[in-house]
Amino acid sequence: MEEITFTRDTVLSDIHLHIPHKRHLMVRLNAVGQPVFQTQFKILWENNVLDAASSYQESEQEKNKDSKKTQELGSEDGSLFTKHKKTHMQVIEVLLDDDGDLEVERRPQSHSGKDESQTCSRNVVCPTILTIGSIEQTEEEEPVYSTRDVVKIEHTMATTLEDVGKQIWRGAFVLADYILWQRDIFRGCTVLELGAGTGFTSIIMATVAKTVYCTDVGEDLLEMCERNVVLNRCLTDATGGQVKVKELDWLNQFCKDTEASYSWTEDDIADLYDQTTVILAADVFYDEVLTNALFETLSRITHNLSNRCTIYLSVERRFNFTIRHMDITCDAYNHFRNCLNSFENDSNGKLKWTAMEIEPVFPQFFSYEREHLELWKIISAPLT
Ligand SMILES: C[S@@+](CC[C@H](N)C(=O)[O-])C[C@H]1O[C@@H](n2cnc3c(N)ncnc32)[C@H](O)[C@@H]1O
């Protein structure tokens with residue numbers, strides 16, 4: 001088995017990077033020869049269903065009390081954030097040596113036999129290929145969860161930017177958390193997800209919604225997404241939720257090519273326009289041209305909907321050092337905020353949009369880091 005290495009233009013999602021000490025289970029090669037892995041994401045029901053209501057109320061009630069503690073810790077946020085920050089401070093203490101210097105954990109030795117300075121050992125992923133007869137290995141690697149407790153996702157590990165949808169991004173998790181937390185809002189709805197990637201958020205949405213149009217672009221990505229939908233049928237069948245995987249390119253709109261596997265029929269489009277009340281997009285703001293295209297798509301689709309609709313967008317603030325600014329900037333995020341602002345102030349259509357940020361203090365149903373993630377809710381009213 002050849003080693004999988006990163007090249008300069010590949011990216012790896014934190015979701016896959018921070019699954020510590022866990023070997024990644026490679027299940028197949030996809031149609032374009034990329035190794036496909038399967039990861040099980042445990043749904044933390046026990047932490048949330050029982051405690052969520054009380055913890056959220058407590059967090060609201062204790063905001064005043066906590067703001068005092070928060071000031072002591074120098075943070076500006078509420079109780080959950082304070083607790084969270086405290087935990088991190090404890091972790092940092094553990095990582096300091098006697099003189100207070102940071103103890104940096106070394107990456108494992110490269111398997112390539114090359115000198116560490118020649119290849120970055122983080123580049124190497126050691127996949128375990130699942131074949132018939134390797135069931136014991138699966139059980140050893142992954143705890144066995146009940147089907148209702150786990151989302152199984154096939155994905156690739158490191159990709160070029162054009163294939164980022166084959167990985168799962170933290171924005172998908174924050175949106176999924178919000179959906180599970182606010183189940184009643186979404187129950188029985190028809191939903192459109194844009195840039196759905198592996199389909200993670202659409203699958204979670206289909207555990208409460210009636211129909212989810214799960215859309216993205218590219219045959220091999222959509223095929224992977226469809227496989228994930230099938231893999232997780234046990235989660236969605238219980239409530240009768242249906243995920244329909246379709247091609248929707250923000251630069252080309254609905255794919256109606258009858259030869260294409262994920263094309264739209266006129267009936268699909270009519271149903272989408274007649275029924276949709278919720279639109280989702282997770283972590284789709286990383287390129288200015290695509291961000292512009294996404295907002296144009298939102299505007300075009302929402303103006304054709306029969307009902308009022310609410311849009312939920314998750315976005316990660318990514319900081320980069322740029323030579324142009326000789327500073328750390330957040331260009332893609334800033335562009336998103338400018339587009340959001342223009343979307344709100346656009347008076348050409350028949351709708352008036354209002355955007356509000358949802359504080360990320362709702363419970364986590366998945367294990368990931370929420371730092372630098374934002375969730376936005378955009379509501380519409382007729383423009384008078
Ligand atoms: C960073 S990934 C996020 C995927 C998924 N929402 C998640 O959070 O895991 C961005 C997604 O936008 C999709 N995308 C990029 N350009 C697109 C376009 N022109 N039309 C539709 N989707 C596009 C990508 O294919 C990819 O799935």
Side-chain angles (χ1 to χ4, degrees), residues 11-20 22 39 41-49 51-60 62-63 66-67 69-70 73-92 95 151 153 155 164 167-183 185-186 193 195-198 200-201 203-205 280-286 311-320 328 330 332-334 336-337 340 355-378:
V11 287
L12 176 60
S13 160
D14 301 20
I15 294 292
H16 309 302
L17 186 65
H18 295 314
I19 300 180
K22 198 171 181 184
T39 303
F41 296 100
K42 175 142 177 37
I43 309 177
L44 307 171
W45 293 117
E46 65 282 6
N47 292 350
N48 292 288
V49 171
D51 302 338
S54 56
S55 76
Y56 186 72
Q57 276 163 9
E58 273 170 30
S59 100
E60 289 294 299
E62 293 192 3
K63 252 182 190 160
D66 283 332
S67 65
K69 286 187 218 156
T70 302
L73 282 168
S75 83
E76 296 164 358
D77 225 315
S79 62
L80 294 178
F81 179 75
T82 310
K83 280 180 209 158
H84 181 75
K85 189 146 187 164
K86 249 181 169 171
T87 317
H88 276 263
M89 290 170 88
Q90 281 153 4
V91 172
I92 287 168
L95 294 175
V151 188
I153 295 291
H155 57 90
V164 282
Q167 303 182 52
I168 306 180
W169 299 86
R170 291 189 298 136
F173 279 62
V174 79
L175 208 40
D177 276 345
Y178 187 75
I179 294 162
L180 290 176
W181 169 235
Q182 293 289 338
R183 287 182 203 61
I185 296 182
F186 303 112
E193 183 176 6
T198 60
F200 182 87
T201 310
I203 290 165
I204 293 297
M205 182 53 106
L280 310 173
D283 196 355
V284 289
F285 306 107
Y286 51 95
I311 302 169
Y312 296 89
L313 307 174
S314 69
V315 55
E316 180 176 341
R317 296 176 76 137
R318 292 192 173 92
F319 299 90
N320 295 306
I328 293 166
C330 222
Y333 174 80
N334 292 341
F336 158 72
R337 290 299 300 269
L340 187 57
M356 60 208 81
E357 193 183 342
I358 299 173
E359 282 285 302
V361 291
F362 45 91
Q364 283 197 215
F365 290 81
F366 297 95
S367 176
Y368 65 102
E369 180 62 66
R370 274 198 186 154
E371 197 175 31
H372 301 143
L373 282 181
E374 290 182 6
L375 183 58
W376 288 84
K377 174 180 177 179
I378 313 171

Do [X] and [Y] have side chains that get closer than 4.5 Å, going by heavy atoms?
X      : Y      : answer
Leu280 : Met205 : yes
Phe186 : Tyr312 : yes
Ile15  : Thr39  : no
Phe336 : Arg317 : no
Leu313 : Leu375 : no
Val315 : Leu373 : no

| Taking atom types as modelled and ignoring hydrogens, do the side chains of Gln167 and Trp169 form a donor-acceptor contact shorter than 3.5 angstrom? | no
Taking all heavy atoms of [X] and all of [Y], pick out the closest pair and write down the distance.
X      : Y      : value
Leu44  : Ser367 : CD1-N, 4.1 Å
Asp283 : Gly171 : CB-CA, 4.3 Å
Leu175 : Ser314 : CD2-OG, 4.4 Å

Separation of [Y] [atom2] from [X] [atom1] (nearest 0.5 Å):
X      : Y      : atom1 : atom2 : result
Tyr333 : Arg318 : OH    : CZ    : 13.0 Å
Gln182 : Ile358 : CD    : CD1   : 8.0 Å
Ile203 : Phe41  : CD1   : CZ    : 11.0 Å

| Got a salt bridge between Arg170 and Glu316, using NZ or NE/NH1/NH2 to carboxylate O under 4.0 Å? | yes
Among all residues two or more places apart in sequence or in another chain, which pass the side chain to side chain contact (heavy atoms under 4.5 Å, CB included) test with [X]?
X      : value
Val284 : Trp250, Ala281, Leu294
Asp177 : Phe362, Gln364, Phe365, Phe366, Tyr368, Arg370
Ala172 : Ile168, Phe200, Thr201, Ala282

| side chain to side chain contact (heavy atoms under 4.5 Å, CB included) between Ile378 and Leu340: does it pass, once the steps are laid out? | CA-CA 9 Å; Ile378 313 171; Leu340 187 57; 3.5 Å; yes
